[in-house]
Amino acid sequence: MISANDLSPAELAALLHFHADAGVEWLLEEEAIDRFAEFEAMKAARRPAAAQAQQQHPAAGERPLPSQAPPRPNAATRPAPAERAASGQQPAIPDGEAVQQARFVAETARSLVELKTAIEAFNSCNLKHSARSTIFASGDAESGIMVIGSAPSAEDDREGMPFSGKSGQLFDKMLTAIGLTRSAILLTQVIPWRPPGNRAPSAAEMDICRPFIERQIALAEPKAILLLGNFSARFFFGENDTIHGLRGRWKEIAVADCVIPAIASLHPQDLLTAPVNKRLAWNDLLAFQAKLKSLSLLRN
């Protein structure tokens with residue numbers, strides 16, 4: 001086993017980034033523990049108890065009498081909510097109840113500032129408990145232009161802002177190419193917390209997060225929306241096609257009392273993986289630019 005003392009600072013940093021990208025979020029022990037020795041000690045301690053239990057319990061195949069059956073936990077023996085909170089254990093929230101809580105929280109927010117505070121205090125989505133950051137809308141809410149990504153990446157989670165790292169650098173170039181900057185648009189993501197290991201959000205997690213992104217749209221009242229990525233396009237268009245089948249076509253998104261034109265394109269990360277698709281994204285960006293000019297949101 002390689003000791004941390006044998007690694008350089010750069011090698012240690014690279015190792016930590018590797019574990020973070022793999023979905024490791026917490027280091028639980030401050031000192032190394034020999035788990036093999038601990039396991040052997042546990043087995044040795046259990047042998048006398050197992051032998052005694054074998055003498056007291058009926059032979060295999062015989063049904064124990066009701067008086068011998070282990071007692072079921074009842075309300076008196078279960079830990080109270082306060083005890084669970086004190087131990088750091090998060091109480092399980094039924095998905096339906098969590099969705100209702102999310103809707104109430106979203107609907108009572110009267111501004112983006114209030115909504116940001118409410119989402120940061122919301123604890124009924126399991127994604128939040130494994131994420132470092134809550135990613136919320138940033139930029140100009142009065143611009144009428146909204147760009148929505150899918151879910152935070154590992155870089156987004158570390159930096160606390162959407163479209164970070166290499167994909168963020170490419171995203172900035174994409175905006176510049178059509179005369180925009182981050183500060184000139186409202187930029188956000190469908191899911192405010194990074195799913196562990198960058199996995200796809202579950203159906204329940206999407207239902208819980210839906211009121212938050214829809215409320216962001218309702219409060220900002222954008223005149224045009226650009227959706228980036230397969231997940232974002234499917235989420236709003238309600239279709240199961242790939243991004244190649246959903247991109248490049250204007251559709252309408254109905255949120256609250258607003259009906260907003262939206263177009264989908266490839267996510268910058270998709271373009272880093274397959275640069276040949278940049279020509280498709282460029283066509284989508286030109287279509288988005290033309291729509292903004294027709295709405296007088298972008299100067300000619």
Side-chain angles (χ1 to χ4, degrees), residues 102-122 125 128 131 133-153 156-157 159-164 167-168 171-194 208-229 231-233 235-237 250-265 267-268 284-285 287-299:
R103 288 174 180 168
F104 175 79
V105 166
E107 290 172 359
T108 54
R110 298 304 174 188
S111 67
L112 288 173
V113 174
E114 289 184 8
L115 183 59
K116 180 178 185 293
T117 301
I119 295 176
E120 289 175 341
F122 186 81
C125 183
K128 182 179 181 181
S133 305
T134 298
I135 307 300
F136 189 75
S138 61
D140 185 1
E142 304 295 329
S143 66
I145 306 170
M146 197 168 191
V147 178
I148 305 176
S150 299
S153 65
D156 298 344
D157 196 33
E159 298 296 331
M161 61 181 293
F163 294 95
S164 299
S167 64
F171 174 69
D172 289 337
K173 293 179 180 179
M174 294 166 64
L175 290 178
T176 301
I178 58 173
L180 293 172
T181 62
R182 287 185 186 237
S183 60
I185 64 172
L186 187 63
L187 178 62
T188 189
Q189 311 234 35
V190 174
I191 305 296
W193 304 289
R194 179 205 175 204
I208 295 170
C209 294
R210 181 178 290 275
F212 298 141
I213 183 60
E214 290 186 345
R215 188 60 176 163
Q216 289 181 59
I217 296 173
L219 290 171
E221 298 183 341
K223 301 297 186 296
I225 295 177
L226 173 63
L227 304 174
L228 294 177
F231 175 80
S232 181
F235 184 89
F236 284 104
F237 292 161
W250 283 99
K251 298 185 179 184
E252 291 183 338
I253 295 176
V255 176
D257 297 328
C258 304
V259 178
I260 308 155
I263 190 171
S265 187
H267 194 281
D284 300 335
L285 290 174
F288 188 61
Q289 181 188 49
K291 172 67 75 172
L292 298 182
K293 289 182 178 180
S294 69
L295 296 172
S296 299
L297 299 175
L298 189 64
R299 296 180 180 178

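Count residues from 1 along the sequence.
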Quiz item: So, do Q189 and D156 sit near enough that their side-chain heavy atoms are less than 4.5 Å apart?
Solution: yes
Exercise. Heavy atoms only: give me the nearest F171-P268 pair and the separation to one decimal.
Key: CB-CG, 3.9 Å
Exercise. Flag the pair S265 / L285 as yes when at least one side-chain heavy-atom distance between them is below 4.5 Å, and no otherwise.
Key: no
Self-check item: Closest approach of F288 to I145 (non-hydrogen atoms, all atoms of both residues)
Solution: CZ-CG2, 3.7 Å
Taking only distance into account, with no hydrogens and no angle test, what donor-acceptor pairs under 3.5 Å do side-chain atoms of residues 179-187 form with protein atoms, sequence neighbours excluded?
| residue | atom | partner | partner atom | Å |
| --- | --- | --- | --- | --- |
| T181 | OG1 | S183 | OG | 3.1 |
| T181 | OG1 | A184 | N | 3.4 |
| R182 | NE | D172 | OD1 | 2.6 |
| R182 | NH1 | P162 | O | 2.9 |
| R182 | NH2 | F163 | O | 2.4 |

Practice problem: Give a yes or no on whether the backbone of M161 and the side-chain of S164 come within a donor-acceptor separation of less than 3.5 Å. | Solution: yes
Quiz item: At their closest point, which heavy atom of S294 faces which heavy atom of K291, and how far apart are they?
Solution: OG-O, 2.6 Å
Exercise. Any chance you could measure W193, atom CH2, to I135, atom CD1, to the nearest 0.5 Å?
Key: 11.0 Å
Self-check item: Atom of I260, atom of P222 and distance for their closest heavy-atom approach
Solution: CG2-O, 3.6 Å
Quiz item: Where the side chain of R215 meets the backbone of L115, is there a donor-acceptor pair that is under 3.5 Å apart?
Solution: no
Self-check item: Any donor-acceptor pair under 3.5 Å from K223 side chain to S143 backbone
Solution: no
Practice problem: Under the ring-ring contact (aromatic ring centres under 6.0 Å, His included) rule, collect the residues that match up with F236, sequence neighbours excluded. | Solution: none
Practice problem: Output all residues satisfying ring-ring contact (aromatic ring centres under 6.0 Å, His included) with F212, sequence neighbours left out; order by chain, then residue number. | Solution: F122
Quiz item: At what distance, to the nearest 0.5 angstrom, does CG of D284 lie from CH2 of W250?
Solution: 10.0 Å
Exercise. Write down the atom of S150, the atom of G229, and the distance for their closest heavy-atom approach.
Key: OG-CA, 4.0 Å
Practice problem: Could you tell me the separation between the CD atom of E252 and the SG atom of C258, rounded to the nearest 0.5 Å? | Solution: 12.0 Å
Quiz item: Which residues pass the side-chain hydrogen bond (donor to acceptor under 3.5 Å, both in side chains) test with T176, sequence neighbours left out?
Solution: none
Quiz item: With sequence neighbours left out, what residues match T188 under side chain to side chain contact (heavy atoms under 4.5 Å, CB included)?
Solution: A137, M146, I148, I213, Q216
Quiz item: In Å, rounded to the nearest 0.5 Å, how long is the span from CG of L226 to CD of Q289?
Solution: 12.0 Å
Self-check item: Any D157 side-chain heavy atom under 4.5 Å of S133 side chain
Solution: yes
Exercise. State the CD1-CD1 distance between I225 and I253, to the nearest 0.5 angstrom.
Key: 4.5 Å
Quiz prompt | Pairing residues for F136 by the ring-ring contact (aromatic ring centres under 6.0 Å, His included) criterion, not counting sequence neighbours | solution = none
Practice problem: First locate atom CZ of R103, then atom CD1 of I208, and finally report the distance between them rounded to the nearest 0.5 Å. | Solution: 11.0 Å
